[in-house]
Each structure stands twice: as C-alpha cells, then as structure tokens.
Amino acid sequence: MNYARIAGTGSYLPEKVLTNADLEQMIETTADWIVERTGVEERHVAAPGETTCDLSEQASRHALEAAGLEARDIDLIIIGTTTPDHVFPSVATQLQHRLGCRGGAAFDVQAVCTGFVYALDIAYRFIRTDGARRALVVGADTFTRIINWQDRGTCILFGDGAGAVVLEKADQPGIIDSQLHADGRYKELLWVPAGVSSGYEQTRENAAFVEMRGSEVFKVAVHTLKEMAEQILAANGLTVADVDWFIPHQANRRILSATAKRLGLPEARMVDCVRWHGNTSAASIPLALDVAVRDGRIQRGNTLLLEGFGGGFTWGAVLLKY
Ligand code: UT7
C-alpha cells in the first residue's frame, strides 16, 4: 500500500479585520473580557459577496504553488465546510472548475470544526488504496454568515478563513495514522437549528444561526482532545515527547492551554493562532499549519499531531511526519 505526504500548504484570510474594540461598539462586552475568556483579539470577516469558494480558491492556489504543482496535477478535491456557497452543487466542484482541473472526484465533507481532519483522513484513504495520486484538501468556512451578531456568547469567537494542503502519494509516511469519531448525542450543545430538510422557514427566531452552550462544549472539548491525543500516540508507540508540533482546532485559547497542560505538552510546541484568527471552524487547523510552515517553525521531518473537535460532536486526529 501507498503512503501519503503533504507536498505543500496554503491559506487565505479575508481582508476585513474585526477587532474586540469593534465588538465593544456592537454588543455589551469588553475587549478585556473577550481576551481573558477566549484569547481572541481579532478575527477576519468575509466581505459581502465573498464566499467560501473564494476563500478556498486563494488558499488552494497558495498550496499548489508551495507544492510546485499545477491544478491539472490534482485528481481529487475534498473540502471540509459547513458554510457552502449553495445547497448544491458542492464548493469542491466549483473550486475544481475555477482551478481548471476536470474529471477527478470533488466533494464537500460536513463535520463542522472537524471538517478538515475528516477531509484529510478521507483523502489519505483514497491515496492509500490507489483511488487518487494527488489530492487538494481544504478546510474553509465563512462562519460569520451563520452568527447572530446580537449573541455575545458566540459572536466574539468566530471568524472566516481557509487553509489547504496538497496531499500526494509517497513511498513512506507522511501520514502515520488517522482516526475519526462522532457522537450525535451532543447535537444541541452546538448547532444551527434551521436546515434544508427541517425547513428554512424559521420555526422560531434566530433558528438559522449558531447556538452554543459554551461552557458545556468547553468541558467536552478539553477532555476529548486530551484523550484522543493519548490514544493515537499510544496506538503508534509514541508519547507526547515525540510530537514536535501540536496543532489543535483553534477554538479558544483556554481550551488549547487546558489541553496542552493535561497532556504535559509545553505550550511552546503548540501552534496557536486564536489571537489573530478567532475560531475559523474547518479552516482553523490548515490555517495554523500554514502559518507555522511559512514562519519556519515547522520543518520537514517534524512529527505533527493535528486534532479537530466540533459540532455533532465530531472529533478526529491525524499523526504525521511533515
Ligand atoms: O469548535 C468548538 C467551538 N466552541 C467553543 O470553543 C466554545 C467553548 N466555550 C467557550 O469558549 C466559553 O464557554 C465562552 C467564551 C463562549 C464563554 O465563556 P465562559 O467562561 O464559559 O462564560 P459563561 O458562558 O459561563 O458566562 C459567564 C458570564 C455570563 O454572565 P452571568 O450569567 O455570570 O452574569 C455571561 O452572560 O459571562 C457573560 N458573558 C459575557 N460577558 C461579556 C458571555 N459572553 C460575554 C461577552 N462579554 N461576550
């Protein structure tokens, strides 16, 4: 069987920045409260008319360039997103069209903030079994479109963005292991009640926006991220000391710190972009990965642990040699 390695990374953030000072003008909050409880100082917000496909396209072009490849080299596109441009067709098919590559499979995966990890796992399995040679794997969301800007418990956290990797067939890892999980019992802790099948006509006010029971999500997230890291490392005969860079879903600074502490992992080995990006849902992990690759922290040969956690709940981890 084949292995799969990351050949290049890319990311994109919309131009507009929304600061905590801006939020102070919009809702009853303070910049100090937001920083203390979340670590977020600013987040990017897509311009009117700027879509998830637009963000995905920019991130993908950067990843292709970093990999030294052309779009025609790609034979699989998977996008993790919860905020597609349309009900259908998928963002992935539209991205394929824009990049100018045709014929290979292209589809979206909906696993909310774990979307990129789900997409990466699936692409890895395609390549392992000769279903594809080179995949474009994207995490992209315009989450601010489903935020209720009157709800101070959610609007402070989220931002928009996209991250992408080119995953290609290789003789050795690359990806060492990958695990996905879900538990639908937690639906109402973090969700958007309105939907296609249950009806857009809002049965109650604000049903089309994110609702979250923040402190409950917080507890499950920390516990799950810690357990999953230990599980995937043990399954591969490794310990936390073997991880050069830990890249968890960038949910909230306090979740990241609590997870690192429980794992006994020094925060200096964790990539943390929460301060500048906020929580960008499926984009958060590939965005953080790209930032740390481009600023030189992540080097070829480093062992990385990527961990996602999101609505559903869904969660998943990918252990890899960069
Ligand atoms: O991908 C996973 C995505 N989800 C998450 O990462 C969410 C994880 N959870 C969190 O990040 C935190 O729960 C929040 C940041 C959302 C909230 O922080 P918290 O420390 O759990 O606060 P809380 O919800 O327990 O609320 C504490 C107080 C409340 O006031 P009272 O009832 O004690 O008077 C809230 O009304 O803080 C109040 N509050 C605010 N105050 C100022 C809630 N939001 C704000 C705000 N500014 N923006």
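Atoms within a ligand are numbered from 1 in the order they appear, just like the ligands themselves. Only heavy atoms go into these numbers, but all of them, side chains included; no hydrogens, no water, no symmetry mates. Everything numeric in this text was worked out from a predicted model, so none of it was measured.
Residue contacts with ligand 1: Thr30 is placed with no nitrogen or oxygen under 3.5 Å of a nitrogen or oxygen of the ligand (distance criterion only). Between Cys113 and ligand 1, no N or O atom pair is found at a separation short of 3.5 Å.
The ligand atoms of ligand 1 that sit less than 4.0 angstrom from a heavy atom of Ile156 are 48 (N). Near Arg37, the atoms of ligand 1 lying under 4.0 angstrom from a non-hydrogen atom of the residue are 19 (P), 20 (O), 22 (O), 27 (C). Within ligand 1, the atoms closer than 4.0 Å to a non-hydrogen atom of Gly214 are 8 (C), 9 (N), 13 (O), numbered from 1 in the order shown. Listed by number with element, the atoms of ligand 1 under 4.0 angstrom from any heavy atom of Thr38 are 15 (C). Each of the following atoms of ligand 1 lies closer than 4.0 Å to a heavy atom of Met212: 4 (N), 5 (C), 7 (C), 16 (C). Of all the atoms in ligand 1, the ones that sit under 4.0 Å from a non-hydrogen atom of His249 are 1 (O). Residue contact check: Ala251 has heavy atoms under 4.0 Å from atoms 6 (O) of ligand 1. Atoms of ligand 1 lying under 4.0 Å from at least one heavy atom of Arg254, given by number and element, are 20 (O).
Two residues are said to be in side-chain contact when any heavy atoms from C-beta on lie closer than 4.5 Å; Phe209 and Asp151 fail this criterion. Residues Arg98 and Ser60 form no side-chain contact, since every pair of their non-hydrogen atoms from C-beta on lies 4.5 Å or further apart.
Note that atom 6 (O) of ligand 1 has protein non-hydrogen atoms nearby, at separations under 4.0 angstrom. For atom 29 (C) of ligand 1, the nearest protein heavy atom lies 4.0 Å away or farther. By the definition of a contact as any protein heavy atom under 4.0 Å away, atom 14 (C) of ligand 1 is not in contact. Atom 32 (O) of ligand 1 lies below 4.0 Å from none of the non-hydrogen atoms of the protein. Counting protein heavy atoms under 4.0 angstrom from atom 3 (C) of ligand 1 gives one or more. For atom 24 (O) of ligand 1, the protein comes within 4.0 Å by no heavy atom at all. Of the protein's heavy atoms, at least one falls inside 4.0 Å of atom 41 (N) of ligand 1.
Nearest non-hydrogen protein atom to atom 47 (N) of ligand 1 is Thr29 OG1, 2.6 Å. Protein heavy atom in closest approach to atom 10 (C) of ligand 1: Asn252 ND2, 3.4 Å. Nearest to atom 16 (C) of ligand 1 among the protein's heavy atoms is Gly153 O, 3.5 Å. Protein heavy atom in closest approach to atom 48 (N) of ligand 1: Arg152 O, 3.0 Å.
The number of heavy atoms from other shown groups lying within 6.0 Å of CD (Glu216) is above 12. Crowding of Arg72 atom CZ: a count of heavy atoms from other residues, nucleotides or ligands under 6.0 Å not exceeding 12. More than 12 heavy atoms of other residues, nucleotides or ligands lie within 6.0 Å of CG in Asp295, so this atom counts as buried by the packing criterion. In Arg185, the CZ atom is not crowded: 12 or fewer heavy atoms of neighbouring residues, nucleotides or ligands sit closer than 6.0 Å. Residue-environment remark: CZ (Arg133) stays at or below the threshold of 12 foreign heavy atoms within 6.0 Å.
Partners of Ile176 under the side-chain contact (heavy atoms from CB on, under 4.5 Å) rule, at least two apart in sequence or in another chain, are Pro173, Asn236, Leu319, Lys321.
The closest heavy-atom contact to atom 21 (O) of ligand 1, among the options Ser215, Ala31, Gly39, comes from Ser215. Of all the listed residues (Phe309, Trp33, Phe218), Trp33 holds the heavy atom that lies closest to atom 18 (O) of ligand 1.
Applying the salt bridge (charged side-chain N to carboxylate O under 4.0 Å, His left out) test to every pair with at least one member in residues 227-239, sequence neighbours left out, gives these pairs: Lys226-Glu230.
The residue Ile34 has no part lying near ligand 1, judged by heavy-atom distances below 4.0 Å. When non-hydrogen atoms are compared, ligand 1 lies under 4.0 Å from the side chain of Asn279 (C-beta onward) but not from its backbone.
The distance from the CG atom of Asp85 to the SG atom of Cys53 is 5.0 Å, given to the nearest 0.5 Å. One finds the CG atom of Asn2 at 11.5 Å from the CD atom of Glu168 (value rounded to the nearest 0.5 Å). Atom CZ of Arg297 sits about 11.5 Å away from atom CG of Asn302, to the nearest 0.5 Å.
Donor-acceptor pairing under 3.5 Å is lacking for the side chains of Thr280 and Gln250. Inspection of the Asp160 and Thr144 side chains reveals an N or O donor paired with an N or O acceptor under 3.5 Å.
Not a single heavy atom of Ala221 lies less than 4.0 angstrom from ligand 1.
Within the 3.5 Å criterion, the main-chain N or O of His181 finds a donor-acceptor partner in the side chain of Tyr118.
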